[in-house]
Amino acid sequence: MAFMCATGKHRKPGRVKRTTAQAAGVAALTTTGVIGTLAASPALAAENPTEQTGLVPVLTMTEDVPEQIDAQAAAQQHAAEQKAAEEAAAKAAAKRAEEVRAAKARAAREAERKLLNTFVAPIAHSYVSTGYQASSSLWSSGSHTGIDFHAASGTAVHAVGSGTVVSTGWGGAYGNQIVIRMADGMYTQYGHLSSIGVTVGQKVVPGQQIALSGATGNVTGPHLHFEARTTPEYGSDVDPVAYLRKHGVDL
Ligand SMILES: [Zn+2]
């Protein structure tokens, strides 16, 4: 007969005791004649409104009715507790999902930041064969506007950092060339290429192969001509060695 909820509450004895005590209280009140003031007492009415109005039915109830009411109340409480537990579980799951999402976003930001700060040499395992501003009759300005990396024809040429390709194609004395706008707002230029592997508008990441070196344009032999610029145009060059070193490239 005991209805056990998950919480182990056993309500029936409490109710039986209460109704018995109440009946005894009413009987005592009746003998002293105070019953007439019971309903008029606002303190009692506020304290126990259901027992006040339910006085007669409680006394005439059969044994089964309170038991059914108790079982129903216990079932309702059980359902309410289950619902609360489900809501708490859903809340916890949502919180965990949000934490995972935030961690992923942090990792993506960190990866993006790392990519933006990573720079490499345009030709791996090479060296600078002709320095910046070296003098030669080969160059129309009379001074070298970039640096030359030693490279046999067909050597992989890499983007030195993250950026977007802004021009590709024939560049006169530069032969086949690529100009990339870097993530830091500067530009890098790659000349004398034998083949071009990117298109205008394409995003590149540090170390991505963009071309093969060659000997196109005004050259005496194959190599990669590399410039760092403040604009996409010829004449805005800065020291490319200083630029790469500033970004951690060991030259
Ligand atoms: Zn050069």
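All values below come from the heavy atoms of this structure, side chains included, with hydrogens, waters and symmetry mates left out. All ligand and atom numbering here is 1-based and tracks the order in the structure.
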Inspect the contact between Arg113 and Glu110 and indicate whether a charged nitrogen and a carboxylate oxygen are less than 4.0 angstrom apart.
yes
Salt bridge check, Lys83 against Glu87: does any charged N sit closer than 4.0 Å to a carboxylate O?
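Answer for the salt bridge query: yes.
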Polar side chain donor-acceptor pair, Glu81 to Gln77, under 3.5 angstrom
yes
Check His225 and report its N/O/S atom nearest to the Zn ion (ligand 1), by atom name.
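Per the distance ranking, His225 contributes ND1 as its closest N/O/S atom to the Zn ion (ligand 1).
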Closest approach to the Zn ion (ligand 1) by Asp148, given as the N, O or S atom name:
OD1
Just checking: His223, one of its N/O/S atoms, less than 2.8 Å away from the Zn ion (ligand 1), yes or no?
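No.
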His192 backbone or side-chain N/O/S under 2.8 Å from the Zn ion (ligand 1):
no
Can you classify the ring geometry of His192 versus Tyr174 as parallel (below 30°), tilted (30 to 60°) or perpendicular (above 60°)?
tilted
